[in-house]
There are 2 protein chains.
Amino acid sequence: MPKAKFETIYKDLKEKIEKEEYTFQDLLPSENTLVDIYSCSRNTVRRAIALLAEAGYVQSQHGKGVRVIYQPTPQTAFTIGGIESFHESAIRNHKIPFTKVIQFAEIHTDNRIAQKTGFPLGSEIYYIQRVRYLDDTPLIFDINIFLKSEVPGLTEEICRHSIYDYIENTLHMHIVTSKRQIKVQKSTEIDEEYLDLTDYHVLAVVTSQTYNANGVQFEYTESRHHPDYFCFHDTATRKHI
Amino acid sequence: MPKAKFETIYKDLKEKIEKEEYTFQDLLPSENTLVDIYSCSRNTVRRAIALLAEAGYVQSQHGKGVRVIYQPTPQTAFTIGGIESFHESAIRNHKIPFTKVIQFAEIHTDNRIAQKTGFPLGSEIYYIQRVRYLDDTPLIFDINIFLKSEVPGLTEEICRHSIYDYIENTLHMHIVTSKRQIKVQKSTEIDEEYLDLTDYHVLAVVTSQTYNANGVQFEYTESRHHPDYFCFHDTATRKHI
DNA sequence: GCCGATTTGTCCGTATGTATC
DNA sequence: CGATACATACGGACAAATCGG
């Protein structure tokens, strides 16, 4: 729910672009015109435009205007991008998600896990393994490690549904920053057991470290994706600094 | 070269964080203190902080301060992220780049290419295939397609070095936005011929569509990465809109 | 639990610079 | 050249979160 004015304007313009009210290669109304439309200051309009640019919807051109560079994508594969839970992605892609919990353990970090996750040695953690299905096809083998001190009260039942939903709506913790890495790795026995990899023997592996609003890293996750259904997308802007 | 004040402040703070003058989990000086340090307005400080947050260096906390969440990474693999040319990445990773041009052709888009690239049917294009080496190891098979109208005068010689360098420093074109997609694909014969894939039969494929300052898509690129040396990283921030 | 100081978040109005047409 | 458009920067106001006394 946007309450800030600039978020409302962002959302409104974004919808207009998606509905092709402003279409590809059009110029948006000038900033001063938008000031009149939304009765706000130019700064506020500019914040909204900055968000649109970051999301790859528009591009500002000095002296000319703000050009729309959004083109509707042919919703095919299951795409990821941004910080999004599996459930959220599934809904956005119009698919039915299902989660099977393979392991749910409460343990302490040993040397290997501390190294890998960046959590202090000996921290209390939840160690979770899950298989994610979309329309009955196993897509992802997920390994989630949560700091128990930051995410208390996690249960196997919650893991069957959405952990992010629990974190945000029950614990009221704000997820802010996520650092991600994408690699290609050879499959392990456990990958082969749960994902139907056929003649592939590799996976796309997304590891992420997520920080909450207190700047504490509370999560380390390794998402091991079936190569056929892995599609990551993002929009980058060139910084001249 | 930063000339804008907020870019200078950004760069300065970034360097201080990288040199661990401000270290992980520290709070930066308050915005009002930074206003005094850099003798500028609070808005300007806040823009610099916004850039740092976007780059995953800091995270603001309402009522508390701005927390440093940067941790030095062990420069191991060849990492990509942001909009960066192969040459720039190589230098950042302290490696020696080498490029072999396999094909350099001036053709028109046919149906298949028009579909794939998003260029109009019949456009004049440069079609380029290159193999990228790092310290004598072939890492990437690159297919670049450039709109001739936007990138005139491209030669095989330029392709052996840096096309981006030519675009930005000779043509003075500004690269702004890039939309990327990462997938895993089975290798083709030509991949096997030029990359030493051993027992892998897949690659990490990064396709990107790049727009210049006029909002015109001038490039379509398919970078086919050897799985062992592929590492993509980024920092995402959760939007609550 | 309240209050006040500090800190970040949002928003406004204005001035000036610079690119495009 | 002037009009229009975006870019940068300043200063001020108030809101909201945090923390210490």
Side-chain angles (χ1 to χ4, degrees), chain A residues 1-11 13 22 26-54 57-69 172-174 176-177 212-216 237-241, chain B residues 1-11 13 22 26-54 57-69 172-174 176-177 212-216 237-241:
Chain A
M1 274 306 190
K3 56 174 183 184
K5 210 179 264 191
F6 74 94
E7 288 176 353
T8 314
I9 297 172
Y10 163 73
K11 205 181 151 195
L13 288 173
Y22 303 123
D26 275 2
L27 291 181
L28 290 187
S30 80
E31 293 178 354
N32 284 320
T33 311
L34 292 172
V35 163
D36 293 338
I37 293 176
Y38 294 105
S39 15
C40 64
S41 76
R42 205 177 135 221
N43 273 333
T44 306
V45 164
R46 284 179 60 74
R47 284 192 72 173
I49 291 174
L51 285 182
L52 289 170
E54 207 191 327
Y57 277 66
V58 302
Q59 196 171 277
S60 292
Q61 293 170 237
H62 199 159
K64 284 186 174 174
V66 178
R67 176 142 283 139
V68 176
I69 58 167
H172 301 294
M173 184 165 86
H174 289 295
V176 178
T177 309
N212 64 19
N214 293 320
V216 179
T237 51
R238 176 104 163 149
K239 302 282 190 294
H240 297 277
I241 304 183
Chain B
M1 273 308 193
K3 55 175 185 186
K5 208 179 265 192
F6 74 93
E7 288 176 352
T8 314
I9 298 172
Y10 163 73
K11 207 182 150 194
L13 289 173
Y22 304 122
D26 275 2
L27 291 181
L28 290 187
S30 82
E31 291 178 358
N32 284 320
T33 311
L34 292 173
V35 163
D36 293 338
I37 292 175
Y38 295 103
S39 13
C40 64
S41 74
R42 204 179 135 216
N43 272 334
T44 306
V45 164
R46 283 179 62 74
R47 282 192 72 171
I49 292 173
L51 285 182
L52 288 170
E54 206 190 325
Y57 277 67
V58 303
Q59 196 170 277
S60 292
Q61 294 171 236
H62 198 162
K64 282 186 173 175
V66 178
R67 175 143 284 138
V68 176
I69 58 168
H172 301 294
M173 184 166 87
H174 289 295
V176 178
T177 309
N212 65 18
N214 294 319
V216 179
T237 51
R238 176 105 163 150
K239 302 281 189 295
H240 297 276
I241 302 180

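To find a chain, count down the sequence lines: A is the first, B the second, and so on, and within it residues start at 1.
For D/dC1, there is no paired base (Watson-Crick or G-U wobble, both distances below 3.5 Å).
Atom CD of B/E54 sits about 6.0 Å away from atom OG1 of A/T237, to the nearest 0.5 Å.
To the nearest angstrom, P of D/dC6 lies 12 Å from CZ of A/R67. The nearest whole Å value for the distance from the CD1 atom in A/I49 to the P atom in D/dA5 is 12 Å. Look at CG on A/L27: it is 8 Å from P on D/dC6, rounded to the nearest Å. B/N32 has its CG atom 12 Å from the C1' atom of D/dG11, to the nearest Å. Taking atom CD of residue B/E31 and atom C1' of nucleotide D/dA13, one finds them 15 Å apart after rounding to whole Å. Between A/L28 atom CG and D/dT4 atom C1' the separation is 16 Å, expressed in whole Å.
With hydrogens and angles ignored, the 3.5 Å screen pairs no side-chain donor or acceptor of A/S39 with any backbone N or O of A/V35. A donor-acceptor pair under 3.5 Å is formed between the side chain of A/Q59 and the backbone N or O of B/N212.
Remark: B/Y38 pairs with no residue by the ring-ring contact (aromatic ring centres under 6.0 Å, His included) rule, at least two apart or across chains. Here A/K5 pairs with nothing under the side-chain hydrogen bond (donor to acceptor under 3.5 Å, both in side chains) rule; sequence neighbours left out. A search for side-chain hydrogen bond (donor to acceptor under 3.5 Å, both in side chains) contacts involving B/R46 returns B/E31, not counting sequence neighbours.
At the heavy-atom level, A/R47 lies under 4.0 Å from the strands shown only through sugar-phosphate atoms.
Using a 4.5 Å cut-off on side-chain heavy atoms (C-beta onward), B/L13 and B/I9 make contact.
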Any chance you could lay out the side-chain contact (heavy atoms from CB on, under 4.5 Å) test for B/L34 and B/I49, step after step, and finish with the verdict? CA-CA 10 Å; B/L34 292 173; B/I49 292 173; 4.2 Å; yes
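Scanning both residues, A/A4 and A/T8, for their nearest heavy atoms gives O-OG1, 3.0 Å. Taking each heavy atom of A/V58 and A/L28 in turn, the nearest pair found is CG1-CD1, 4.2 Å. What you find for B/P29 and B/Y22 is that their closest heavy atoms are CG-OH, 3.6 Å.
When DNA chain C is scanned 5' to 3' for any atom under 4.0 Å from a heavy atom of chain A, the first and last hits are C/dT10 to C/dC21.
For the contact set between residues 36-43 of chain B and DNA chain D, defined by any heavy atom under 4.0 Å, the members are B/C40, B/S41, B/R42, B/N43.
Put simply, B/K5 has no side-chain N or O that comes within less than 4.0 Å of OP1 or OP2 on D/dA7.
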Listed pairs, N/O of protein and of nucleotides 16-18 of chain D, under 3.5 Å:
from: D/dA16; atom 1: N3; to: B/H62; atom 2: NE2; distance (Å): 3.1

